Amino acid sequence: AGVKEDSFNVLDLAEYTKNQPWWRKVFGPSSGSSAEKYNVATQLVIGGVTGWCTGFIFQKVGKLAATAVGGGFFLLQIANHTGYIKVDWKLLERDMNKAKQQLKFHSSGNKMSPKVKSRVDEVIIFLKKNVILTGGFAGGFLLGMAS
C-alpha cells in the first residue's frame with residue numbers, strides 16, 4: 001500500500017520555442033554570441049570559410065538558374081513563333097497589371113507585420129553580437145562569388 005507518486009513538471013515545447021530567438025531554436029540554448037566561444041582569428045576563419053563556400057555555391061547555382069530561365073524563355077519564344085503554343089497576351093497583360101496594383105497597395109503601407117519585425121530584430125541582434133564572424137562571412141562570400 002506504499003504507492004509512491006512522482007511529480008512531473010510538464011514542459012510545453014511549442015510554447016517554450018515561441019519565446020526563443022531563432023538561432024537558439026537551431027543551435028540550442030547554449031548558443032549565445034560566438035564571441036564568447038572563439039577568439040577573433042577563429043571567428044574570422046570560420047566566417048571566411050563558410051562565406052566563401054556559400055558565395056561559390058551561390059555563384060554556381062545562380063549561373064545554372066540564369067541559364068535555365070533564359071533557355072526556357074528562349075524555347076517558349078521559339079514554340080510561340082512556330083505555332084506550337086499560343087500565348088494570350090491580353091490575359092498576360094491584365095494579370096501583370098493586377099500584380100502591379102497589388103504591389104503598389106502593399107508597398108504603400110510600408111508596415112511590416114509584427115512577426116516579420118520580430119524576426120528582423122532577432123537577426124539584427126545576432127549580427128551585432130557576432131560582428132567579427134559576420135564580417136568574415138561577408139568577405140568570404142564576396143571572394144566566393146568572385147572565384
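In this text, all values refer to a predicted model and were calculated from it rather than measured experimentally.
With rounding to the nearest 0.5 angstrom, the CG atom of Leu127 is 9.5 Å from the CG atom of Leu133. If you take CG on Asp88 and CG on Leu92, they are separated by 8.5 Å, rounding to the nearest 0.5 Å. Summarising the geometry, atom CZ belonging to Phe137 is positioned 14.0 Å from atom CG belonging to Leu44; distances are rounded to the nearest 0.5 Å. The CZ atom of Phe58 lies 13.0 Å from the NZ atom of Lys63; values are rounded to the nearest 0.5 Å. Taking CG of Leu142 as the start and CH2 of Trp52 as the end, the distance is 14.0 Å to the nearest 0.5 Å. In this structure, CD1 in Ile46 is found 11.5 Å from CD1 in Ile132, a value given to the nearest 0.5 Å.
Legend: residues meeting side chain to side chain donor-acceptor pair (under 3.5 Å) with Thr54, ordered by chain and number and at least two apart, are absent.
A pairwise comparison of heavy atoms in Gln59 and Met145 identifies NE2-O, 3.2 Å as the closest pair.
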Compile the donor-acceptor pairs under 3.5 Å between side chains in residues 71-87 and protein atoms, sequence neighbours left out, one pair per line.
unit_1: Thr82; atom_1: OG1; unit_2: Ile78; atom_2: O; d: 2.9
unit_1: Thr82; atom_1: OG1; unit_2: Ala79; atom_2: O; d: 3.3

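Look at Glu93 and Lys90 and you find no salt bridge, because none of the NZ, NE, NH1 or NH2 atoms lies under 4.0 Å from a carboxylate O.
In this structure, Glu122 and Arg119 have side chains that are in contact, with non-hydrogen atoms separated by less than 4.5 Å.
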